[in-house]
Amino acid sequence: MRSFTIFSLLATAVGVQSASAPVVQGNTVGATFVAELPDKKTTTLRGSVEIASATDGKGVKVAVSLSGLPKEGGPFIYHIHEKPVPSDGNCTATGAHLDPFKAGESPACDASKPDTCQTGDLSGKHGNITSESFSATYGDLYLATLPTDPSYFGSLSIVVHTSNKTRISCANFVAKGNTAPGTTAAPSGSGLPFPTGINATSVTSKVNTGGPTPTTPPLQQPSNSAQKMVAGAGALAMAAAAMML
Ligand SMILES: *[C@@H]1O[C@H](CO)[C@@H](O)[C@H](O)[C@H]1NC(C)=O
Ligand SMILES: *[C@@H]1O[C@H](CO)[C@@H](O)[C@H](O)[C@H]1NC(C)=O
Ligand SMILES: *[C@@H]1O[C@H](CO)[C@@H](O)[C@H](O)[C@H]1NC(C)=O
Ligand SMILES: *[C@@H]1O[C@H](CO)[C@@H](O)[C@H](O)[C@H]1NC(C)=O
Ligand SMILES: [Cu+2]
């Protein structure tokens with residue numbers, strides 16, 4: 001029975017580890033959500049993050065357009081958080097990041113393995129905000145526009161932080177011109193200047209000195225995301241085996 005017990009322990013050890021985020025298939029074509037940062041006395045930061053289903057339903061396309069970032073405190077980071085902003089606008093109340101597969105805060109997100117990052121860690125997966133005005137468009141394979149999916153973000157919020165994690169501003173996602181589930185209509189009128197065909201996980205950004213003028217930079221082929229070797233599982237398994245032997 002010894003080997004059976006070891007096997008069970010190994011399975012348990014692996015089971016408590018984080019799983020890698022699955023690629024989201026079957027997002028409703030046309031489903032679009034936008035989070036519009038509010039006018040706020042404490043910051044000049046304004047702009048929006050718009051996220052729509054990819055045209056083939058595999059993941060999403062993200063369009064970030066921000067201006068008025070502080071002169072100090074960068075590089076700035078931004079995430080989808082696990083709770084919405086309450087009506088009083090308190091960004092602290094949005095909690096931690098959207099992280100349905102429990103990637104956790106450490107190790108820090110490795111952009112070359114986006115499936116191992118917290119699902120909501122957009123700056124970790126796609127790049128920090130490094131200029132006073134910032135625009136970027138990119139694909140993300142791990143976000144869902146279907147409310148039944150654990151990676152659904154449509155009822156959640158976006159938070160922009162300084163490098164020391166101070167929350168500068170935040171906003172809730174709001175559905176925008178969604179088409180009914182099951183339709184195959186192109187997302188015309190979504191306002192997203194995306195080309196057809198997904199080329200996810202590429203990131204581009206552009207410095208705008210004259211205010212936000214979102215462009216559609218060429219998207220690149222995604223890097224192959226390596227299958228996650230669960231960190232620590234090996235060590236745990238060895239410890240478990242050592243205890244048995
Ligand atoms: C974080 O950085 C901002 C901008 O540099 C600064 O105003 C603030 O005092 C810092 N907060 C903490 C807790 O270090
Ligand atoms: C904001 O939310 C946090 C977390 O819920 C809470 O601890 C804090 O008191 C709130 N701040 C204000 C000003 O309401
Ligand atoms: C992004 O900014 C954060 C906060 O300053 C920093 O910890 C992180 O290393 C930066 N990431 C990259 C890829 O530069
Ligand atoms: C991604 O982009 C490359 C060139 O940039 C193109 O050859 C390829 O067909 C694109 N892939 C998809 C799925 O659109
Ligand atoms: Cu955050």
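Being a predicted model, the structure only gives us computed values, none of them experimental. Both counts, for ligands and for their atoms, begin at 1 and track the order of listing. These numbers come from the heavy atoms of this one structure, side chains and all, not from hydrogens, waters or symmetry mates.
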Among side-chain atoms of S53 and T145, is any donor-acceptor pair under 3.5 angstrom?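 A donor-acceptor contact under 3.5 Å links the two side chains.
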State, without any angle test, whether T162 and R167 hold a side-chain donor-acceptor pair at a distance under 3.5 Å.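 No.
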Give me the residue, atom name and distance of the protein heavy atom closest to [atom].
atom                    : value
atom 5 (O) of ligand 3  : S163 CB, 3.0 Å
atom 14 (O) of ligand 2 : N90 ND2, 3.4 Å
atom 3 (C) of ligand 3  : N128 ND2, 3.6 Å

Straight-line distance of D115 CG to K125 NZ, nearest 0.5 Å: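 The CG atom of D115 sits 9.5 Å away from the NZ atom of K125.
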Distance from H161 atom NE2 to S169 atom OG, nearest 0.5 Å?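 With rounding to 0.5 Å, NE2 (H161) is 11.0 Å from OG (S169).
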Evaluation steps, salt bridge (charged side-chain N to carboxylate O under 4.0 Å, His left out), between K176 and E50: CA-CA 9 Å; K176 172 185 172 185; E50 184 165 314; 2.9 Å; yes
Please give the atom name: the N, O or S atom of H79 nearest to the Cu ion (ligand 5).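 The closest N, O or S atom of H79 to the Cu ion (ligand 5) is ND1.
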Atom 7 (O) of ligand 3: protein heavy atom closer than 4.0 Å?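 No, there is no protein heavy atom closer to it than 4.0 Å.
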